[in-house]
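Values below: every heavy atom of this structure, side chains too, minus hydrogens, waters and symmetry copies. Since we're looking at a predicted model, the values are computed, not measured.
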Protein chains: 2
Amino acid sequence: MARRTKEQAAETREQLLDAAERVFHAKGVARATLDDIARDAGMTRGAIYWHFKNKTDIFTAMCDRVTLPMQAMLDAQLADPGEDPLGQLASDGARILSLVASDPRTLRVFEIILFKTELSEVVAEVMAEEAERAATCRNQLATILRAAQQKGQIPAHVDCYLAAFALNGYLIGCIREWLELREFDLAQRAEWLMQTFYMGLRHAPPLDAA
Amino acid sequence: MARRTKEQAAETREQLLDAAERVFHAKGVARATLDDIARDAGMTRGAIYWHFKNKTDIFTAMCDRVTLPMQAMLDAQLADPGEDPLGQLASDGARILSLVASDPRTLRVFEIILFKTELSEVVAEVMAEEAERAATCRNQLATILRAAQQKGQIPAHVDCYLAAFALNGYLIGCIREWLELREFDLAQRAEWLMQTFYMGLRHAPPLDAA
DNA sequence: GTGTTTACAAACATACACGTATGTATCTAA
DNA sequence: TTAGATACATACGTGTATGTTTGTAAACAC
């Protein structure tokens with residue numbers, strides 16, 4: 001095969017990632033073959049081994065393409081809490097839900113991560129950094145919630161870290177359920193789903209109520 | 001190998017399922033080998049192929065061992081809504097969360113299902129029946145929520161099917177998050193988590209608020 | 001007590017996915 | 001203009017999982 005220009009090479013790299021999305025989505029990550037991906041992109045495994053180290057490498061590159069922009073979004077939100085932290089957080093969550101529903105790439109990759117990826121001790125490295133990322137996210141959410149608490153939007157007795165945990169679970173859980181279902185327009189219901197959850201936080205009982 | 005009594009054979013079947021739990025949990029379903037499972041149980045693949053048709057068969061048998069009792073629990077709850085449907089539902093959810101936290105088998109299998117199983121077009125049959133099971137569960141939840149609505153526990157404008165969707169997502173999401181985290185005692189916080197969510201339902205805004 | 005079936009173990013045949021090594025045509029820089 | 005680097009394609013060796021077949025000793029029926 002002929003050598004190609006830098007731009008063309010970058011293009012094929014993107015095409016390979018696109019193909020990885022399709023193949024991982026169709027067959028699951030473990031069952032997907034590097035040959036499957038290469039053929040889907042109209043190339044051979046040689047191209048893959050040139051651009052990526054192995055299957056794990058192409059997988060993380062594929063995930064980064066959609067998660068990095070989202071993380072940036074959260075960072076920006078954290079940098080400027082604003083006057084209505086809880087309301088901001090609610091519309092942010094709604095925006096994420098809408099994004100999943102509207103952007104095909106985000107949709108596919110979320111489906112892959114939530115349904116078509118097996119975490120095991122074998123891929124411990126990937127798990128470790130993912131766990132760290134999730135912990136950071138939870139802490140950021142907790143920080144924002146504490147800001148909301150200081151403004152009186154949440155009762156003082158609420159454990160904001162636990163609330164961040166619940167919020168994170170709720171978001172992921174809603175996405176997961178909707179991906180399975182697809183019956184209604186998620187973007188349309190997103191605001192209600194988030195508002196309802198925050199109403200729960202506003203009226204949360206004290207911890208020892210259990 | 002010698003022939004064994006019926007009881008002994010049933011015992012080895014259980015041992016194989018126990019081994020499948022451990023191996024699936026450790027390596028993920030796709031990466032787990034039938035030989036891995038057999039060796040873990042102190043046998044050979046011959047035993048597996050005697051008791052089960054293939055890997056999918058042993059996987060579903062393993063899942064059924066923990067999901068069937070839980071489904072029975074929900075059925076009983078549906079048969080008798082009681083005087084306080086919402087409160088009952090809350091304590092039921094808390095019970096499920098506590099079960100995940102306290103019963104090792106439930107814990108392992110949930111982890112396998114949520115994190116170590118790749119759904120793909122290849123296992124479409126399994127997916128189809130799982131989707132049907134989930135739909136039934138959602139409908140049952142919606143029915144119970146409507147009963148709560150008629151007793152005035154939930155505002156009349158709430159779409160109970162959407163609420164059931166959110167509840168289901170919340171439960172699964174909380175389990176998922178906790179499995180990743182394991183920082184606190186889930187059984188202790190379960191009641192608060194459920195109560196907080198139901199407080200959101202009680203104070204849910206009208207749908208067109210978005 | 002004998003024959004048959006059961007409950008596995010052991011051996012085999014097939015297939016497939018991975019990594020790597022090697023080939024090669026083009027681009028680029030000096 | 002040419003030497004080397006680049007961007008892939010092709011080919012090969014190896015490991016490994018799967019399904020099946022065959023072997024076999026004990027349980028059970030009669």
Rounded to the nearest angstrom, tell me the gap between atom [atom1] in [X] and atom [atom2] in [N].
{"X": "B:Ile48", "N": "C:dC8", "atom1": "CD1", "atom2": "P", "answer": "11 Å"}
{"X": "B:Gln8", "N": "C:dA7", "atom1": "CD", "atom2": "P", "answer": "10 Å"}
{"X": "B:Met43", "N": "C:dT6", "atom1": "CE", "atom2": "C1'", "answer": "15 Å"}
{"X": "A:Asp57", "N": "C:dC18", "atom1": "CG", "atom2": "C1'", "answer": "15 Å"}
{"X": "A:Glu11", "N": "D:dA7", "atom1": "CD", "atom2": "C1'", "answer": "15 Å"}
{"X": "A:Arg13", "N": "D:dT6", "atom1": "CZ", "atom2": "P", "answer": "16 Å"}
{"X": "A:Arg39", "N": "D:dT10", "atom1": "CZ", "atom2": "P", "answer": "10 Å"}
{"X": "B:Asp35", "N": "D:dA17", "atom1": "CG", "atom2": "C1'", "answer": "9 Å"}

Side-chain N or O of [X] versus OP1/OP2 of [N]: is the shortest distance under 4.0 Å?
{"X": "B:His51", "N": "C:dC8", "result": "yes"}
{"X": "B:Trp50", "N": "C:dC8", "result": "no"}
{"X": "A:Thr12", "N": "D:dA7", "result": "no"}

Return the NZ to NZ distance between A:Lys53 and A:Lys55, rounded to the nearest 0.5 Å.
15.5 Å
Less than 3.5 Å apart, which donor and acceptor atoms pair up between the side chains of residues 135-142 of chain B and the rest of the protein, not counting sequence neighbours?
{"unit_1": "B:Thr136", "atom_1": "OG1", "unit_2": "B:Glu132", "atom_2": "O", "d": "3.0"}
{"unit_1": "B:Arg138", "atom_1": "NH1", "unit_2": "A:Glu177", "atom_2": "OE1", "d": "3.0"}
{"unit_1": "B:Asn139", "atom_1": "ND2", "unit_2": "B:Ala135", "atom_2": "O", "d": "3.3"}
{"unit_1": "B:Gln140", "atom_1": "OE1", "unit_2": "B:Gln71", "atom_2": "NE2", "d": "3.4"}
{"unit_1": "B:Gln140", "atom_1": "NE2", "unit_2": "B:Asp75", "atom_2": "OD1", "d": "3.0"}

With salt bridge (Lys or Arg N to Asp or Glu O under 4.0 Å) as the test, pick out the partner of B:Glu111 among B:Lys116, B:Arg182, B:Arg105.
B:Arg182
Residue A:Ala47, side-chain atoms from C-beta onward, closest of C:dA7, C:dA9, D:dC8
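Closest nucleotide among those given: D:dC8.
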Nearest to the side chain of A:Ala9, which nucleotide is it out of C:dC8, D:dA7, C:dA7?
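The answer is D:dA7, which lies nearest to the side chain.
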Sub-3.5 Å pairs of nitrogen or oxygen atoms, protein against nucleotides 19-22 of chain D:
{"unit_1": "D:dG19", "atom_1": "OP2", "unit_2": "B:Tyr49", "atom_2": "OH", "d": "2.2"}
{"unit_1": "D:dG19", "atom_1": "N7", "unit_2": "B:Arg45", "atom_2": "NH2", "d": "2.4"}
{"unit_1": "D:dG19", "atom_1": "O6", "unit_2": "B:Arg45", "atom_2": "NH1", "d": "3.4"}
{"unit_1": "D:dG19", "atom_1": "O6", "unit_2": "B:Arg45", "atom_2": "NH2", "d": "2.8"}

Residue pair [X] / [Y], side-chain heavy-atom distance below 4.5 Å:
{"X": "B:Leu107", "Y": "B:Trp178", "answer": "yes"}
{"X": "A:Asp103", "Y": "A:Phe110", "answer": "no"}
{"X": "B:Phe24", "Y": "B:Val109", "answer": "no"}

Mind checking if A:Thr44 touches a base, just sugar-phosphate, or nothing, with heavy atoms under 4.0 Å?
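The answer is base, as A:Thr44 lies within the cut-off (heavy atoms under 4.0 Å) of a base atom.
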Please find out if less than 6.0 Å separates the ring center of A:Phe165 from that of B:Phe184.
yes
